[in-house]
Amino acid sequence: MPELPEVEVVRRGLERWVAGRTVESVEVLHPRAVRRHPGGGADFAARLGGRTLGVPQRRGKYLWLPLEGRDLSVLGHLGMSGQLLVQPQDSPDEKHLRVRVRFDDDLGTELRFVDQRTFGGLSLHENTPDGLPDVIAHIARDPLDPLFDEGAYHLALRARRTTLKRALLDQSLISGVGNIYADEALWRARLHYERPTATLARPRSAELLGHVRDVMNAALAVGGTSFDSLYVNVNGESGYFDRSLDAYGREDEPCRRCGTPMRRRPWMNRSSYFCPRCQRPARVAS
DNA sequence: ACGGCTACCTGCCCGC
DNA sequence: TGCGGGCAGGTAGCCG
């Protein structure tokens, strides 16, 4: 399940292996993979052919490759199961190969978008004046972005009439946080997922944000070590998931702080994992 | 306007 | 063994 750290690992891999290369041809093998492209698969392939890819960018869980010399980008989202792979041209097609990009050079590799559940996809979009694909203008800066505005984030939390985890998953407030890192950051901050955002004083929101950054940087440190090979990793199985999670997936296992069995609660068609002792609901305001 | 809910999709895993 | 159902969940879009 790729969240920000996994997407950043992919971005680095793309920078290493495809930036600067010119597209020869594009093959769309599944229409759903380009459903966000306004013109459909044939148009996507036609417009990308012959273009040279610039340095890949990322905001939250979105990444995009600007096309050199034009205000146009290839936008990608991995969804739940998407992978961007740089593979030898002669290696067998993956079972869920959705898009293939061939290059006009003799490096012998091609870019492949592979996606089992087809929640992800690729598309072409005009850039806004600040170089962002127009369709993601509503996505907030992510917590690893140097220009992330912490003061504005705190004020937005105070203004919202919602709960903490919803706010963490709201990509228009802060981007890049998914279910896993939301639970991890809340556990680290000892905050209940249903605590009203408006009750959070500035030091507590700053602390929560610090934990979000810490858990993402820890995952990045682990996942970021494997991209320096031909295989542009990318399915999010960085290894971090198995070893370093304190909350996510740990139902009935002892809390690593206090030993109390962790709980799982159905929440918004998914699950929230938390320690019932460390992460108590806030006292009800009178 | 805004919060909140659900459809979209496939494979795995469990229970019967 | 096979099948059905639950579960995984990011995002857009819709509903109230």
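Each chain gets a letter, A, B and so on, in the order its sequence line appears, and its residues count up from 1. All figures in this text were calculated on a predicted structure; none of them were measured in a lab.
- Side chain of A/E27 to main chain of A/R100: no donor-acceptor pair is present (N/O by atom type, distance under 3.5 Å, no hydrogens or angles).
- Ring-plane geometry between A/F274 and A/Y193 is classed as tilted, the angle between the planes lying from 30 to 60 degrees on a 0 to 90 degree scale.
- With B/dC8, B/dG11, C/dA8 as the candidates, the nucleotide lying closest to the side chain of A/K95 is B/dG11.
- Here A/R35 lies out of heavy-atom contact (under 4.0 Å) with every strand.
- Side chains of A/Q83 and A/E94: a donor-acceptor N/O pair is absent below 3.5 angstrom, by distance only.
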message: Show, in sequence, the C-alpha distance, side-chain angles and deciding distance for A/R12 and A/E15, and conclude whether the salt bridge (charged side-chain N to carboxylate O under 4.0 Å, His left out) test is met.
response: CA-CA 5 Å; A/R12 293 177 186 180; A/E15 182 168 2; over 6 Å; no
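- The side chain of A/H77 contributes no N or O atom lying less than 4.0 Å from OP1 or OP2 of C/dA12.
- One end of the helix from B/dC2-C/dG16 to B/dC16-C/dG2 points its axis 60° away from the other end's axis, with each axis taken from 5 pairs and the angle rounded to 10°.
- Rounded to a whole Å, the CG atom of A/L4 is 13 Å from the P atom of C/dG10.
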message: Does A/D142 form a salt bridge (charged side-chain N to carboxylate O under 4.0 Å, His left out) with A/K61? I'd like the steps, not just the answer.
response: CA-CA 9 Å; A/D142 62 64; A/K61 303 170 204 170; over 6 Å; no
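- Per the geometry, CE belonging to A/M80 stands 14 Å off P belonging to B/dC12, to the nearest Å.
- Heavy atoms of A/H30 sit nowhere under 4.0 angstrom from any nucleic acid atom.
- Ranking C/dT11, B/dT10, C/dA12 by closeness to the A/H138 side chain, first place goes to C/dA12.
- Residue A/L173 contributes atom CG, which lies 15 Å from atom C1' of B/dA1 at whole-angstrom precision.
- The shortest distance between the side-chain N/O atoms of A/Y181 and the OP1/OP2 oxygens of C/dG10 is not below 4.0 Å.
- In this model, the phosphate group of C/dC7 is not approached by any side-chain N or O of A/S271 to a distance below 4.0 Å at OP1 or OP2.
- Using a 4.5 Å cut-off on side-chain heavy atoms (C-beta onward), A/M262 and A/W187 make contact.
- In this structure, a donor-acceptor pair under 3.5 Å is present between the side chains of A/S73 and A/N127.
- Regarding A/D115, its CG atom lies at a distance of 19 Å from the P atom of C/dA8, rounded to whole Å.
- Side chains of A/D134 and A/T128: a donor-acceptor N/O pair is absent below 3.5 angstrom, by distance only.
- Under the 3.5 Å distance criterion, the side-chain polar atoms of A/R36 are left unmatched by any main-chain donor or acceptor of A/A33.
- Between the P atom of C/dG10 and the CG atom of A/D183 lies a distance of 10 Å, rounded to the nearest Å.
- In this structure, A/L97 atom CG and B/dT10 atom P are separated by 15 Å, rounded to whole Å.
- Neither OP1 nor OP2 of C/dG10 sits under 4.0 Å from any side-chain N or O of A/Q171.
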Dump the pairs, protein N or O against N or O of nucleotides 3-6 of chain B, anything under 3.5 Å, distances to one decimal.
{"residue": "B/dG3", "atom": "OP1", "partner": "A/R160", "partner atom": "NE", "Å": "3.1"}
{"residue": "B/dG3", "atom": "OP2", "partner": "A/R160", "partner atom": "NH1", "Å": "3.2"}
{"residue": "B/dG4", "atom": "OP2", "partner": "A/T162", "partner atom": "OG1", "Å": "2.6"}
{"residue": "B/dC5", "atom": "OP2", "partner": "A/R166", "partner atom": "NH2", "Å": "2.6"}

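- For B/dC9, one of the phosphate oxygens OP1 or OP2 lies less than 4.0 angstrom from a side-chain nitrogen or oxygen of A/R32.
- C/dA8 atom P lies 14 Å from atom CG of A/L169, rounded to whole Å.
- A/H96 has its NE2 atom 7 Å from the C1' atom of B/dT10, to the nearest Å.
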task: Test salt bridge (charged side-chain N to carboxylate O under 4.0 Å, His left out) on A/R21 and A/D105 and set out the steps.
output: CA-CA 7 Å; A/R21 297 176 74 179; A/D105 54 40; 2.8 Å; yes
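- With distances taken from any side-chain atom of A/R117 to the nucleotides C/dA12, B/dC8, B/dT10, the minimum falls on B/dT10.
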